Amino acid sequence: MANYVCPVARYTKLETNTPRGLAFIYSLVAGNLKKIDKVAVERTYQCNLCRACEAISRDDSSIPELILAARRDIVEMNMAPESVMKLKDDICKNSRLLDKDWLESAVSSAKSLPDTVVVINYESESSKKIFLLIKKLLDRGNTGCIEINIGKHPAPAAMLDELGYKQLSGTVLNNLTFLIQNLKFKKMVFITPYDLELLLKTSTVDAGLSKLVHSFEFCEGFINSEKKTPAKKNEKIIYIDSGGNRKSGKFYEIPRKLLADSAGLNIQEMVWNGKESACCGGLTLQYLYPGIFNGVISLIYGELKEYGSKKIITPCPHCIDNLKTNEDLRNNYEIVDLWEMIFQ
Amino acid sequence: MHGFLNDRIRIELKNIVGEKNIYESGFDKDAYSVDVWSVSRNWVDSGLIKELPNFVVLPENTEQVSKILKLANIYSIPITPRGAGAGGLGGGIPFFGGIVLDIKKLDKIMSLSAKSLNIRVQVGIMQIDLEKYLNSKGYTLNHLPASIYCSTLGGFLSTRGSGVLSSKYGKIEDMVLSLEVVLPTGEIINTLPVPRHSAGPGIENVFLGAEGTLGIITGATLQIYYLPEERYFSSFLFDNLHFALEASREVMVNGLEPSVLRVYDEGDTRDVVKKELGINIESGSYVVISFDGFKDIALAQKRRAEEIFNGYRARDLGAKFGEKWWENRYDPYYPPHTLESKKDLYGVIDTVATHDNIENLYLSMKSELESKFSEWGIIYTAHFSHWYKWGASVYPRFIVKKPPENSHDFMELNNAIWDCAVEVILKNNGVLSEHHGIGFQLSPYMRAQYRDGYKVLESLKKGLDPKNIMNPTIFGFDL
């Protein structure tokens with residue numbers, strides 16, 4: 001009965017797009033009452049894996065894990081839709097973590113980095129901005145900062161895993177582990193949390209894992225060390241939670257604290273926020289089902305219209321890029337990254 | 001409906017709602033062939049029913065609903081209106097095939113009057129969306145049922161639903177000012193703008209609780225309230241259920257207005273309360289009571305209620321357990337509690353009667369079910385959660401943990417339990433359902449419930465839905 005938090009079902013309204021509906025499909029298949037068909041495949045890939053249903057679940061059941069298992073089966077049965085295969089190919093082609101030559105040169109060109117923070121970044125305007133802000137700050141404290149740009153996609157391991165290509169996802173994670181083991185860095189900051197989460201969940205490699213941090217945590221640590229009194233701006237902003245890291249819950253409080261304490265801002269909460277926030281499915285849905293993706297964005301826009309403020313702050317680089325795909329949002333709102341706001 | 005006719009209907013539906021709003025694949029239709037009724041799930045899991053409807057259609061506005069019903073009339077196609085599928089009595093299952101008309105795209109908030117305190121909405125809106133919207137503006141509907149997260153407003157209107165605050169604010173029908181309805185023959189009507197008048201009987205009552213048999217409610221204007229200044233909770237332990245019921249009756253007949261008044265029988269006190277709230281209680285009857293509104297008024301009412309409870313030697317457990325219940329008030333509806341994913345046979349026999357009858361009704365039903373179905377190890381517990389000046393509702397639940405494996409035997413046992421329960425209800429001047437509706441499960445008992453009055457229902461059905469296309473299985477109409 002977690003249907004109400006599912007952004008896809010809130011848009012399409014279709015029972016088989018809901019967590020309950022998907023669980024129902026899989027129960028028919030598991031009970032040998034039906035075989036997976038084209039529609040079941042479609043519904044399975046229309047989920048944006050935002051994990052809201054899992055985050056609010058009163059027990060340990062996880063519909064997203066069922067969906068991931070179904071996608072692996074679908075890939076194995078060669079039933080994956082063309083759009084899925086196309087995206088998989090694109091990730092393989094444009095992710096440097098799958099490029100052996102690049103990996104070796106990345107390691108050899110930066111062999112000893114004991115005082116350096118390594119920022120794992122990807123090709124996007126907003127994430128580039130975040131990296132430059134981090135670099136600017138670290139340069140003041142004489143800490144080195146280098147960017148490792150892993151290519152077009154923000155989280156290739158998580159994306160391949162989402163699509164059902166477990167083995168390929170594992171290869172990306174292995175290569176990431178190779179980087180961690182061979183770069184002698186102070187900290188490794190991930191601009192987006194997805195591959196970091198997957199790595200922490202699946203890796204058996206201990207070396208260096210404790211040095212890996214999500215950008216929010218890094219940001220919080222840095223601000224705390226500055227101990228500056230915030231300027232009392234009292235400017236009203238709308239804060240949109242990231243769909244990432246739902247289960248841990250720890251990334252809900254940190255940004256709010258930073259915005260209020262460090263930036264002196266007056267936060268307008270969304271009606272649907274925290275673990276219940278609508279997530280546009282920043283990783284794969286936009287490629288697989290752009291119509292549903294745009295529909296979810298329009299839901300977010302519909303809610304934003306209720307509030308007076310025209311300034312949106314979000315910690316999610318995908319949100320920044322994705323919200324701007326909506327013309328009304330792009331034209332009528334200022335969409336600012338959390339980092340940028342705090343550093344201002 | 002096969003072949004040419006099926007194709008013909010598809011084309012016509014496509015012209016009305018567009019291709020994107022019609023679904024007819026196997027899995028999509030399967031998902032609309034069940035609701036939370038345990039029998040339906042049992043039959044699907046056994047492979048006995050599948051793909052019941054011919055089409056699942058999601059209209060985007062009232063005009064489209066009207067056109068669909070006109071089309072259905074031409075071809076005599078059964079229509080099953082459906083909200084979010086949270087009903088527990090099979091009311092949303094399209095037993096005769098045809099069209100499932102999913103109302104969830106009718107979800108717009110049309111207007112809010114801060115002066116008259118009302119809101120006009122389309123009824124496919126999820127209740128939680130409506131409540132969150134109102135809360136963000138400082139209001140509430142005060143209709144907060146346990147299924148608020150998984151039901152539409154239309155579902156509540158069509159079953160005359162109750163929320164946990166009903167003892168003060170009433171049931172959903174008490175919040176209705178007016179309705180927009182599409183009649184079975186496709187005409188769109190609006191009921192009078194206010195419900196209290198002497199201009200005839202008030203036709204909104206024809207459609208409230210009609211479960212889509214007499215038309216489809218598409219819009220509603222509802223009374224709203226300011227969020228309360230304060231909510232006070234108390235909880236008490238009585239020596240026995242009789243004392244708890246008597247004390248609660250006194251609270252109501254003396255005109256106090258508790259928003260929450262929940263009396264748990266000894267089984268519920270022992271099993272549910274201990275599990276949900278972590279309170280170690282071996283015997284007695286647990287009561288949660290709340291007053292809300294202006295602080296001083298709510299506090300004065302709370303004190304008078306406590307005086308009444310003290311007269312029955314109730315043990316005051318303080319505010320925190322009541323507050324804990326409030327925080328967790330929606331939890332009991334969530335899996336695994338709903339059992340929808342389990343193999344158990346279960347049901348909720350919510351019933352309402354006057355104060356003269358309610359206790360006897362409960363005791364008789366408990367004794368009858370526990371003795372007649374002892375070989376199945378039936379578990380029967382109850383609470384009394386919706387109170388009136390004239391009576392109360394009892395919310396008994398039965399569970400059979402090891403029901404027959406064969407679906408036919410499963411259904412037979414289910415029906416035998418209900419037959420027994422309904423006999424007790426009718427003998428004790430009770431009414432079958434307080435807020436869950438009738439659905440498929442209770443339809444065979446409607447004639448016995450209404451006796452001669454059933455003719456009125458029948459005449460309404462014949463007049464409004466001459467081809468009997470609207471939810472034809474419901475209420476036992478034989479046209």
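Throughout, protein chains are lettered first and strands after them, A, B, ... in sequence-line order, and every chain is numbered starting at 1. The shown structure was predicted, so the numbers you read here are calculated from the model rather than taken from an experiment.
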message = Return the CG to CG distance between Asp45(B) and Leu28(A), rounded to the nearest 0.5 Å.
response = 7.5 Å
Met126(B) and Arg10(A), any side-chain heavy atoms less than 4.5 Å apart = no
query = Say you draw a straight line from NZ of Lys105(B) to OH of Tyr11(A); how long is it, rounded to the nearest 0.5 Å?
reply = 6.5 Å
task = For the pair Asp102(B) and Lys13(A), evaluate salt bridge (charged side-chain N to carboxylate O under 4.0 Å, His left out) and give the outcome as yes or no after the intermediate values.
result = CA-CA 9 Å; Asp102(B) 184 331; Lys13(A) 313 285 186 190; over 6 Å; no
ask   = Would you say Leu14(A) and Tyr23(B) make side-chain contact, with heavy atoms under 4.5 Å?
value = yes
key: Validation row: Ser27(A), Arg41(B) side chains within 4.5 angstrom (heavy atoms)   = yes
ask   = Tell me, side chain or backbone of Thr18(A) under 4.5 Å from chain B's heavy atoms, or both, or neither?
value = neither
query = Just checking, any donor-acceptor pair under 3.5 angstrom between side chains of Arg43(A) and Ser25(B)?
reply = no
inquiry  = Using heavy-atom distances under 4.5 Å, tell me whether Val271(A) contacts chain B through its side chain, its backbone, both, or neither.
reply    = both
key: Greater than 12 external heavy atoms within 6.0 Å of Lys14(B)'s NZ   = no
request  = Heavy-atom distances under 4.5 Å only: say whether Val44(B) touches chain A with side chain, backbone, both or neither.
outcome  = both
ask   = Please walk me through it: do Glu15(A) and Lys29(B) pass salt bridge (charged side-chain N to carboxylate O under 4.0 Å, His left out)?
value = CA-CA 9 Å; Glu15(A) 179 65 25; Lys29(B) 293 195 290 189; over 6 Å; no
note = To the nearest 0.5 Å, atom CH2 of Trp272(A) lies from atom CG of Asp129(B) at 5.0 Å
key: Any Ile36(A) side-chain heavy atom under 4.5 Å of Phe27(B) side chain   = no
query = For Lys310(A), does the NZ atom sit with more than 12 other heavy atoms under 6.0 Å from it, leaving out its own atoms?
reply = yes
task = Pick one of side chain, backbone, both or neither for Lys20(B), based on which atoms fall under 4.5 Å of a heavy atom in chain A.
result = neither
ask   = What part of Ile25(A) is in contact with chain B, defined as an atom under 4.5 angstrom from a non-hydrogen atom: side chain, backbone, both or neither?
value = both
ask   = Tyr32(B) versus Thr16(A): any side-chain heavy-atom pair under 4.5 Å?
value = no
query = chain B heavy atoms under 4.5 Å from Asp37(A): which part of the residue, side chain, backbone, both or neither?
reply = both
request  = In sequence, state the C-alpha distance, the side-chain angles, and the governing distance for Glu276(A) and Lys132(B), and then conclude on side-chain contact (heavy atoms from CB on, under 4.5 Å).
outcome  = CA-CA 12 Å; Glu276(A) 296 178 333; Lys132(B) 282 210 176 206; 2.8 Å; yes
Under 4.5 Å from any heavy atom of chain B - which part of Glu306(A) = both
request  = Quick one: which of Asp30(B), Ile128(B), Val56(B), Asn21(B) has the most heavy-atom pairs under 4.5 Å with chain A, could you say?
outcome  = Asp30(B)
